[in-house]
Amino acid sequence: MTTCEDPSGFKQEDEFMDILEERRRSSDLGHALRTFTPSPYKGAPPLSAGALNRMVLESQYLRYVTKEVAMETGESVDLVREEASGILDEMSQNLQLGFIRLLGFTLSKVFKRLFSHININQEGLNRLQQAIQEFPVILMPNHRSYVDFLVLSYILFTYDLPIPVIAAGIPLMDMKMVGEILRRSGAFFIRRAIGSDKLYWAVLSEYVRTIVRTGYAPVEFYVEGLRSRTLKSLTPKLGMMHMVLEPFFKGEVYDITLVPISISYDRVLEESLLAHELLGVPKPRETTMGLLKARRVLEEDYGSMHVYFGMPLSVRQLTKGRVDRCEYNLLPRDLPQRPSVETQECVSWLAQQVIRVQEQSSILSPWSLMACLVLQDHQNTDPAGEEQEKGLSWELLTQRTLWLKGLAISFGARLDWPEQLPENQVMASSIALHRYVIRCHQGRVTLLEEERPVGAAPFTTEEGVVRRARAVLMVAAYRNQALHVFIRPAMLALAIHTTHSSQREDIYSYFRFLLDLFSNDFIFITGRSSQDFEEACSLLRKCGAVQTSQQEVTSPEEGQRTTSFLRALLQPFIDAYQVVFRHLCLEDVEVFTERQMVPAVRSLATKLLLSGELTSCDALSSDTQKNVLSALLRLGAVTRLRTAEHSEFRANKPAISRLADTLAGRLPVQTAPNPRL
Amino acid sequence: MASNNNSSDRQRIAQQRLSRIAAHLHKHEHGNSGIIAKECKIDATGSTEENKGTVRRKRYRLSGMTLPRLQDWFENTFGASVKHKSPATPVLNASVVPPPRLNEAFVENLKATGIPFSNEAEDRVFRAHGHCLHEIFALREGKKFERIPDMVVWPNCHNDVVKIVELACKHNVCLIPYGGGTSALECPPEETRCIVSLDTSQMNRILWLDEQNLVAHIEAGIIGQGLERLLNESGYCTGHEPDSMEFTSLGGWVATRASGMKKNVYGNIEDLVIHIKAVTPRGVIEKSCQGPRMSTGPDIHHFILGSEGTLGVVTEVTMKIRPIPEYQKYGSVVFPNFEAGVACLREVAKQRCTPAPIRLMVPEVYTGSHPAHGPRGVHRLPSGSWSQRCTPAPIRLMDNKQFHFETNQAVRWLRTTDVAMSSPPIGKLLMYCPCCSRPTGYLSSHALKPQVSSIFTHFVEGLKKFYITKLKGFDPHQLVVATLLFEGDRERVLQHEKQVYDIAATFGGLAAGEDNGQRGYILTFVIAYLRDLGMDYCVVAESFETSVPWDRVLDLCQNVKERIIRECKERGVHQFQPLTSCRVTQTYDSGACIYFYFAFNYRGLADPVHTYEQVEHAAREEILANGGSLSHHHGVGKLRKEWMKDSISNVGVGMLKSVKDYVDPENIFGNRNLL
C-alpha cells in the first residue's frame with residue numbers, strides 16, 4: 001500500500017512504550033504533583049471556564065437564536081436567555097488542574113491494577129505535540145469502554161500536553177460526585193436526545209465552536225457518538241463533527257487538525273455487560289453506587305491496552321476541492337447557516353476517513369483471531385451433539401490460528417503477538433485472560449455458558465438459547481475487533497461465490513450491493529467502492545485466493561481455505577439480515593416501531609436457532625437488528641411514518657424480499673445503484 | 001561578464017526605468033506634465049548618453065552609491081546580500097523584440113491624418129508592459145517578448161482618437177489604450193492582427209474649469225500628479241489620490257475603477273466623475289448633460305468604469321473639484337495590537353468621522369481573535385455618540401511589520417545618511433524612500449518640516465519609546481500604528497482630531513504625533529520603488545488588495561498571511577521566511593479595504609516569478625474563501641479573470657459579454673482583460 005492509501009501512516013518503526021512501567025517504578029503521588037507545564041496551544045490566551053461561558057452567552061449567534069426562540073414561543077427574551085444560561089450551566093466543563101492531579105493519582109492506582117501494560121506510540125505523541133502548537137486540535141478516539149473516557153487526559157497529563165475538554169453523555173453527569181469530578185476534569189455534557197430543541201442546539205454548537213475558535217483546549221469527542229457494544233466501529237454521528245469544523249469553514253481559524261486515536265483492549269471491562277445489553281437485558285443506570293459495586297471488576301486482569309495516536313489530519317488539506325468555503329460569504333458569520341449538501345457530504349466523508357484510520361491503526365490481540373476461528377467452529381457444531389466432541393481441538397485451533405495470523409499480517413493488520421514467546425504460550429495466556437467465556441479442557445476448547453444460579457429453576461429451552469448466545473456474543477465482540485481487516489476481501493470472496501460468475505462486472509456489482517447493504521454494520525468511505533474492490537482484489541491476489549484479469553476475477557482451487565474462511569466470517573451477518581428480512585415479510589407485520597421489532601425478531605431467531613435452521617446467534621443482537629432497520633430505511637425498503645418520539649415504520653415487503661433474494665444470489669443485482677456509493 | 005563595460009550597461013538599463021519613474025516625481029525640475037510625458041517618450045527611445053545625459057549620469061551615479069542601513073534592513077529581513085545581487089540585463093537587445101506586424105493600409109491612412117506614430121522597438125517594448133511584478137522581472141531578465149504592440153500612436157485630442165478608432169475598425173486593427181502605463185497592457189499572445197498601442201499621454205490638458213459648479217473638464221491622458229498640480233495653481237484639487245498617482249492617468253482611473261486614499265472625503269472615482277466621453281468602435285458614448293445625478297436606467301458610466309480598455313478609449317472626463325483645504329494636519333495613533341486598531345477604525349467608520357486616510361498595519365505575530373475584545377475583537381461602545389457628520393479625511397492602519405520598517409530601521413538608517421542630502425534628486429529618492437521621514441519634498445507636494453537631527457530629538461524619541469513600551473506595556477512586536485490626515489478649516493480639523501483621538505483612546509490607542517503620521521502617509525508612495533530596488537537583491541515583492549466586511553477583517557488578514565507563509569514553504573522558499581504585511585487602507589460603513597505586501601528572497605528558486613504567481617494565486621483563493629472581494633481597486637486584468645464567474649455569477653458575465661458584443665463586435669479593443 002502506498003502512503004496515500006494509508007492515511008494512518010503506521011510504520012513498523014512505530015514503537016510502543018508502556019506508560020505503566022514508569023508508574024510501577026516511581027511514586028504515583030510524585031507523578032500527580034509534578035510540575036505541569038503543557039506546551040502552549042497556539043494563539044490561546046489564558047481563559048477561565050467562566051469567561052468562556054460568558055463569551056458563549058454574549059455571542060451574536062446566541063442573541064439571535066434567543067430572540068428567534070422568544071418569538072416562536074412567545075416567552076420573553078430574558079426568560080429564554082435564562083434558559084440558555086441554564087443549559088450552559090448544565091453543559092459546561094470546569095477544567096481544573098487540581099482535579100486532573102487527583103485523577104492522575106487515582107488512575108495510576110486503578111490502571112496498574114487493571115492492566116498489565118498501557119502501550120502508547122511515543123512518535124504519535126510527538127506529532128501531537130507539534131500539532132498542538134499550530135492549530136486547534138480535535139482528538140478523535142474510538143469508544144469501546146468507559147475507560148477510554150479519561151485515559152487520554154491521563155496520558156496527555158503524563159506527557160505535559162494540554163488537557164482536552166471532552167464531550168460526554170448526560171447520564172455520566174447524573175452520577176453523584178463522579179459527574180462533578182468528570183466536569184472538573186474537563187468533561188462537558190451533552191443530552192442524548194436533543195431532537196429539534198433549537199435553543200439547546202444553539203448553546204451546544206456555540207459552546208463547541210467557541211472552544212475551537214479561541215483555542216481554549218483540544219476538544220475530544222467520539223465520532224461514533226456512543227460506546228460500541230459490538231466492538232465494531234459505529235456509523236459516525238455528524239452533529240458534533242459539524243460544530244467542530246465550522247470555525248474552519250467560516251475562516252475563523254486557518255486550519256483544524258484531526259487526530260484519530262485508536263484504543264484497543266485485550267479484554268474490555270464491560271464485556272459481560274455488552275452481551276447482556278445486546279440480548280435485551282437492560283443496561284443498568286450509570287450510578288455512583290453501581291460504580292462502587294463494580295469494584296469487583298478491579299480485581300481482575302484485563303491484559304494490555306494500546307493507545308495509538310494517529311497521524312494528524314489537516315482539515316484544510318482534506319477538504320480541499322470538496323468544500324467551497326465561499327458559501328459562507330453571504331450570511332453574517334454569527335448567524336446560523338445550514339451547510340450545503342456538499343459540505344454535509346464532505347463532513348460525513350471526513351468522519352468515515354477518521355474511522356478508517358482508527359480501524360487501520362487499532363491493535364489486534366491474538367485472542368481476536370482465535371475468536372474468529374472458535375466462532376466459526378461453533379457455528380458448524382450441532383448444539384445437541386455429544387459432549388466430548390464439542391469444541392475445537394487445541395491442536396487444530398493452534399494450527400488455524402497461526403495460519404490466520406499469517407493472513408491477517410498479509411492483509412495489513414497490526415497484531416500484538418509477542419514473537420519472543422512460544423506460540424502455544426501466547427494462545428494459552430489469551431485463553432487464561434478470557435477464562436470466563438472460554439475453556440481448554442482435555443485438549444478441546446469450548447465456550448462457557450453462564451452458570452445456573454444455585455437453587456434457581458432449570459432453564460427453559462429459550463433461556464438456554466439466550467444463555468448460549470451470551471457467550472457467543474461476548475466472543476463475537478472480539479471477533480468484530482478483527483473484522484475491519486478482512487471485510488473487503490470477505491465481501492469479494494462472497495461476491496465470487498454467490499454470483500457464480502467470473503465476470504468482473506457481475507462480481508463488482510454484487511460487491512457494491514454488499515457494501516451498500518452492510519454500510520451500517522461496517523464503515524466504508526463513501527465514493528470509494530471501486531478502490532475498495534481493487535484493494536480486496538489485490539489482497540486476495542497476494543495470498544493466492546483470486547486471479548484477476550481485465551475482465552475476470554476467478555477463485556482458484558488452492559485459495560479455497562482463505563475464501564471459505566472469509567465467507568464464513570460474513571455468514572453470521574448475512575444470516576442475521578435474512579432473519580430480519582424474513583420477519584418483516586411476515587403477514588402480520590405492517591406498521592411497527594423499533595421497540596416492537598426487536599423482541600419479535602429475537603423470538604423468531606430463537607425459534608430458528610432451536611430448529612437448527614439458524615446456526616449463528618448474531619441475529620439475536622439488538623444492535624445488528626437496528627442496523628438492518630437503518631439499512632432498509634436508507635435503501636427505501638422501509639419508510640418512516642412519523643418523526644414523533646417513537647417513529648413508526650412501514651415495511652415495503654416486495655422491496656425487502658427483493659433484497660433478500662439478491663443477497664442470497666437468487667436475483668441479479670439491480671442496476672441503478674445507490675448514488676451514494 | 002566581469003568587464004566594467006558590461007556592468008555599467010546593465011546599470012544603465014535599470015536606470016532607464018528608474019529615470020522614467022523619477023520623471024514623474026521631479027515636478028520642480030520640469031515645467032508641466034506634458035513635458036513629463038514627452039520625456040517618457042525620449043526616455044524610451046534614447047538609450048544613448050547624449051539625451052539628457054547629465055541628468056541621467058547623475059542619477060546613475062547615485063543609484064550606485066552604497067546605502068548602509070537600507071542594506072541592513074534587506075539583509076535582516078530577507079537575508080539579502082550584496083554578494084547575491086541580481087543585476088538587470090543590459091540594453092534592450094533587438095533580437096528579443098519580435099518584428100512589427102504592420103497593417104500597411106492602416107499605416108497609410110494614419111499617415112494621412114498627421115497623427116504621430118512610431119514602430120521603433122523601444123517605443124513598442126515600452127508600451128508592452130505595466131508595473132506588475134512579472135512584467136518588470138521579465139524586462140530585467142531580458143526575456144524574449146512573446147507579443148508586443150506593433151506600433152504606437154500619440155493622438156493629441158478627442159478627434160484624433162475618433163479618427164484612429166475609425167481607421168482601426170476599417171482595417172481590423174487591434175487597439176490597446178495606454179495611459180499611465182501601470183496595468184492592463186499585456187498583449188494577448190494569440191492576437192494575430194496588428195496591435196496598436198494608443199498612447200493618450202499627449203492628451204493632458206485641463207480644457208476648462210467651472211468654479212460655479214466646481215467641476216473641471218479634463219483630457220483623460222493627464223497623469224494624476226500633473227492634474228493635481230495644475231488644479232492647485234488655480235486653488236483647487238480633485239482629492240483623488242491613489243498611491244500610484246505619480247504614474248496613473250485619469251483615463252486609467254476611470255477604466256479600472258480606481259480609489260484614492262482620501263476617498264472618505266472626496267469619494268472614489270465613480271463618485272467624482274460627472275461626465276465621461278469615450279470613443280468606442282460603435283461611436284462616441286457620452287451623456288447629454290452634466291446633471292449631478294440621473295435616473296435614466298442603469299448608469300451608462302458604469303459600463304465604462306472598470307471596463308479595463310475592453311470597450312473603448314476614455315478621452316475626456318468632467319470631474320468634481322474642491323478648493324484646496326485651508327488646513328491639513330497629520331496624526332498617528334499607536335495601538336497595542338492589530339485587533340484594537342481594527343476595532344477602532346471600525347468605530348470611527350461607524351461614527352462616520354473618518355479622517356481622509358486612515359491606515360492600519362498588522363503585527364507579524366498576530367494571533368487570532370482575542371477574547372478580551374469580545375467576539376472576534378469587535379468592541380462595543382455606548383451608542384449615542386453619533387456626533388455631527390464631520391468631514392472625514394484618510395485614516396490608515398499599518399501592521400507591526402510596517403511599523404517596524406517605518407520607525408526603527410528606516411529612521412536609524414536615515415540618520416546615518418544625512419550626508420546624502422547633498423546628493424542629486426534621484427539619489428535622495430532612493431535613499432530616503434524606505435523611511436520617508438525627511439527629504440520627502442521630492443516625493444510629494446506636501447510641504448514637510450525640515451530635518452532637525454539633534455541629541456534632543458534622539459532623547460525625545462527614546463522617551464516616547466520608553467513611555468509606550470514600558471509604561472503603557474505595549475508589546476513592541478504587537479503594536480501597530482494608524483496614520484491620519486485631517487483636512488478642512490482649522491477649527492473643524494481640531495475638533496475632528498479630538499473626536500478621533502477620543503475614540504482611539506477607548507481602544508487603548510495612544511496619539512503618536514504628526515511626524516509618524518506624515519511618514520506613514522508618504523511611505524505609501526514609496527513601496528513600489530522599494531520593490532524595484534529589492535529585485536537588485538534577489539527579493540521579489542508585490543502587493544495585492546481586497547475589500548471585506550468588517551467582521552471578517554481580522555480573520556482574513558490572519559488566514560491570508562498564514563497561507564502565504566505556508567505556500568512559500570511548500571515552494572521552496574526556505575532560507576528566510578517571506579515578509580507578509582498588511583494594512584487597512586480604506587474604511588467604509590460596512591467594511592474595509594485591505595492591502596497586503598508580500599516579499600521573499602528568491603535565491604535558489606528556478607523561476608521566482610512563477611513561484612510568486614502561484615503564491616499570489618493561492619492567496620487570492622484564500623481571500624475569496626474568507627469573504628473578501630476579487631479586487632477593491634486593482635481591477636481584474638488577465639491575472640484574475642478566472643474568478644470572474646464565481647465573483648459576479650454567470651448571468652453577470654453574460655451581461656458584460658453582451659455589452660462587449662454590441663459595442664465592439666470585432667474585438668478592436670482586444671486586450672482581453674476582464675472577460
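Chain letters run A, B, ... following the sequence lines, proteins first, then strands; residues in each count from 1. Here the structure is a predicted model, which means the values were calculated and not measured.
With rounding to the nearest 0.5 angstrom, the OH atom of A/Tyr254 is 5.0 Å from the CZ atom of B/Arg563.
Between A/Phe135 and B/Glu562 there is a side-chain heavy-atom pair separated by less than 4.5 Å.
By the 6.0 Å contact criterion, NZ on B/Lys569 is open, its count of non-hydrogen atoms from other residues, nucleotides or ligands being 12 or less. More than 12 heavy atoms of other shown residues, nucleotides or ligands fall within 6.0 angstrom of atom CD in B/Glu642. Other residues, nucleotides and ligands contribute at most 12 non-hydrogen atoms within 6.0 Å of the CD atom of A/Glu342. Atom NE2 of B/His302 sits in a crowded spot, with more than 12 heavy atoms from other residues, nucleotides or ligands closer than 6.0 Å.
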Next item on the list: Apply salt bridge (charged side-chain N to carboxylate O under 4.0 Å, His left out) to A/Glu252 and B/Arg552, showing your working.
Entry: CA-CA 8 Å; A/Glu252 294 165 320; B/Arg552 295 172 194 256; over 6 Å; no
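Partner B/Asp555 forms a side-chain contact (heavy atoms from CB on, under 4.5 Å) with one of A/Arg333, A/Lys250, A/Arg213 and no other, that one being A/Arg333.
Looking at A/Arg316, the atoms closer than 4.5 Å to chain B (heavy atoms on both sides) all sit in the side chain, from C-beta outward.
Listed for the A/Asn329 side chain is a donor-acceptor partner under 3.5 Å among the backbone atoms of B/Leu624. With A/Arg325 contributing its side chain and B/Asn626 its backbone, the two residues share no donor-acceptor pair below 3.5 Å.
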